[in-house]
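What follows is one structure encoded as structure tokens, with my remarks underneath.
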Amino acid sequence: AKPCFDVAVMTDALEASKTFWRDEVGLDFEETIHPRRGMAQHRFGVHGSVLKVNHVEALADAPPSGIRELWIACEGLAAPRELEGPGGERARLVPVGERGIEGIGVVMRVRDRSSHIAFYRDVLGFAADADACCCGHSRLFFETGDDAPSDAAIAGPGYRYLTVQIFSCEEAHRRALDLGAREGAPPRRGGDVAIYSMVRDPDGNWVELSQRASLTGPLDPPTAAR
């Protein structure tokens with residue numbers, strides 16, 4: 001439903017995290033929403049994508065997810081610039097066009113590159129080229145490493161999940177499960193704002209499937225009400 005994916009960070013150090021993304025990385029703050037009790041989501045715009053800073057008061061410690069680095073294309077930048085956030089989030093500002101990035105790119109550490117290419121291409125419908133899987137102009141790169149997770153947790157500091165905006169959450173969720181994805185959470189409704197669910201990739205990294213009314217139009221009634 002939009003030509004890019006979003007990236008979510010979990011933090012219990014809100015002010016330090018907001019300062020990092022706003023002042024050091026240079027992202028524009030858009031709004032704060034409350035997706036569930038005990039969580040506030042502070043949303044920053046970046047080339048049509050959203051960097052979601054999800055704040056909770058007490059965040060359990062957990063090993064990093066497979067999402068290790070966010071690359072952001074910057075006009076007028078002559079050479080890459082590396083930054084690190086308060087939760088260990090690595091951000092790299094890069095010249096427009098580096099590794100094909102016109103918007104954002106995400107580097108994911110994985111145990112097996114081919115299985116992840118197959119998941120994001122065949123299960124989630126990303127395009128694929130020789131270097132990355134692509135959701136519109138967002139690019140997802142895979143690097144193999146011994147420190148890649150085998151069962152990534154959604155809670156814990158740092159990068160925790162990607163969000164893909166789709167037109168029918170229930171249909172996309174069902175299709176993903178039929179094609180072999182693990183279920184993270186079934187479709188649920190957030191008022192009149194969105195219907196969303198979670199699926200997991202071969203290393204357990206979480207991907208949110210979001211049907212957001214502002215992109216897709218008014219939401220259908222829940223299945224049980226039809």
Of all heavy-atom pairs linking Phe5 and Ser138, the shortest is N-OG, 3.1 Å
Checklist entry - Same cluster or not: are Leu162 and Phe167 linked, directly or through other Ile, Leu, Val, Met, Phe, Trp or Tyr residues, by side-chain heavy atoms under 4.5 angstrom apart? => result no
Heavy-atom nearest pair, Phe142 first then His116, reads CE2-CB, 3.7 Å
- Message: When you compare the side chains of Thr11 and His55, does any donor N or O come within less than 3.5 Å of an acceptor on the partner?
- Response: no
Taking every heavy atom of Leu93 against every heavy atom of Cys74, the minimum-distance pair comes out as CB-SG, 3.8 Å
**OP:** Please answer whether the main-chain N or O of Ala13 pairs with a side-chain N or O of Ser17 as donor and acceptor at a distance below 3.5 Å.
**Re:** no
Correct closest heavy-atom pair for Arg182 and Asp201 would be NH2-O, 3.5 Å
Report task. Return yes if some donor-acceptor pair links the side-chain N/O of Trp206 with the main-chain N/O of Ala152 below 3.5 Å, else return no. Result -> yes
Validation row: Glu102, Val96 side chains within 4.5 angstrom (heavy atoms): yes
Heavy-atom closest pair (Pro95 atom, Pro80 atom, distance to 0.1 Å) is CD-N, 4.1 Å
Contact check, side chains of Arg188 and Tyr196, non-hydrogen atoms, under 4.5 Å:
yes
Rounding to 0.5 Å, atoms CZ (Arg43) and CG (Asn54) come to a distance of 9.5 Å
Closest heavy-atom pair, Ala153 versus Ala62, reported as atoms and distance to 0.1 Å, is CB-CB, 4.4 Å
Can Leu124 and Val199 be said to form a side-chain contact (heavy atoms from CB on, under 4.5 Å), step by step?
CA-CA 10 Å; Leu124 294 188; Val199 295; 4.3 Å; yes
Do Val46 and Leu70 belong together in a cluster built from hydrophobic side chains that touch within less than 4.5 Å?
yes
(Q) Check for me, please, whether Trp71 and Val7 land in the same ILVMFWY cluster - side-chain distances under 4.5 Å, paths through other members count. (A) no
Taken to the nearest 0.5 Å, the spacing of Asp122 CG from Leu179 CG works out to 8.0 Å
Would you say the side-chain atoms of His47 pair up with the backbone N or O of Ala73, donor to acceptor, closer than 3.5 Å? yes
Assess whether a salt bridge exists between Glu208 and Lys52, defined as any Lys/Arg side-chain N lying under 4.0 Å from an Asp/Glu carboxylate O. yes
- For atom CD of Glu30, decide whether the heavy atoms of other residues, nucleotides or ligands shown that lie under 6.0 angstrom number more than 12. yes
Does some side-chain heavy atom of Val9 sit less than 4.5 Å from a side-chain heavy atom of Trp21?
-> yes
To the nearest 0.5 Å, atom OG of Ser49 lies from atom CG of Leu27 at 10.5 Å
Rounded to the nearest 0.5 Å, the CG atom of Asp6 sits from the OG1 atom of Thr163 at a distance of 5.0 Å
Is the CG atom of Asp192 crowded by more than 12 outside heavy atoms at less than 6.0 Å?
no
Check: Is the number of heavy atoms from other residues, nucleotides or ligands within 6.0 Å of CD (Glu57) greater than 12?
Finding: no
- Item | Presence of salt bridge, Arg139 and Asp129, under 4.0 angstrom | yes
- Check step by step if side-chain contact (heavy atoms from CB on, under 4.5 Å) holds for Ile154 and Met10. CA-CA 9 Å; Ile154 196 168; Met10 300 290 286; 5.9 Å; no
query: Are Val106 and Val94 connected in the hydrophobic side-chain network, where two residues link if heavy atoms are under 4.5 Å apart?
result: no
Identify whether the distance between the nearest side-chain nitrogen and carboxylate oxygen of Asp147 and Arg68 falls below 4.0 Å. yes
*asked:* Check whether Thr216 reaches the backbone of Gln211 with its side chain - one donor and one acceptor, N or O, closer than 3.5 Å.
replied: no
### Query
Do any N or O atoms from the side chain of Tyr159 and from the backbone of Pro64 form a donor-acceptor pair under 3.5 angstrom?
no
Other residues, nucleotides, ligands: >12 heavy atoms within 6.0 Å of Arg111 CZ: yes
Would you say Ile72 ends up clustered with Leu83 if hydrophobic residues are merged whenever their side chains have heavy atoms under 4.5 Å apart, either directly or through other cluster members?
yes
Legend entry - Evaluation steps, side-chain contact (heavy atoms from CB on, under 4.5 Å), between Lys2 and Val50: CA-CA 11 Å; Lys2 73 174 184 179; Val50 177; 3.9 Å; yes
Any side-chain heavy-atom pair of Tyr120 and Val164 under 4.5 Å
no
CD (Glu170) and NE2 (His173) are apart, to the nearest 0.5 Å, by 9.5 Å
Next item on the list: I would like to know whether Phe126 and Ile117 meet side-chain contact (heavy atoms from CB on, under 4.5 Å); could you show each step before the answer?
Entry: CA-CA 9 Å; Phe126 284 25; Ile117 291 173; over 6 Å; no
d(Glu89 CD, Glu69 CD) to nearest 0.5 Å is 12.0 Å
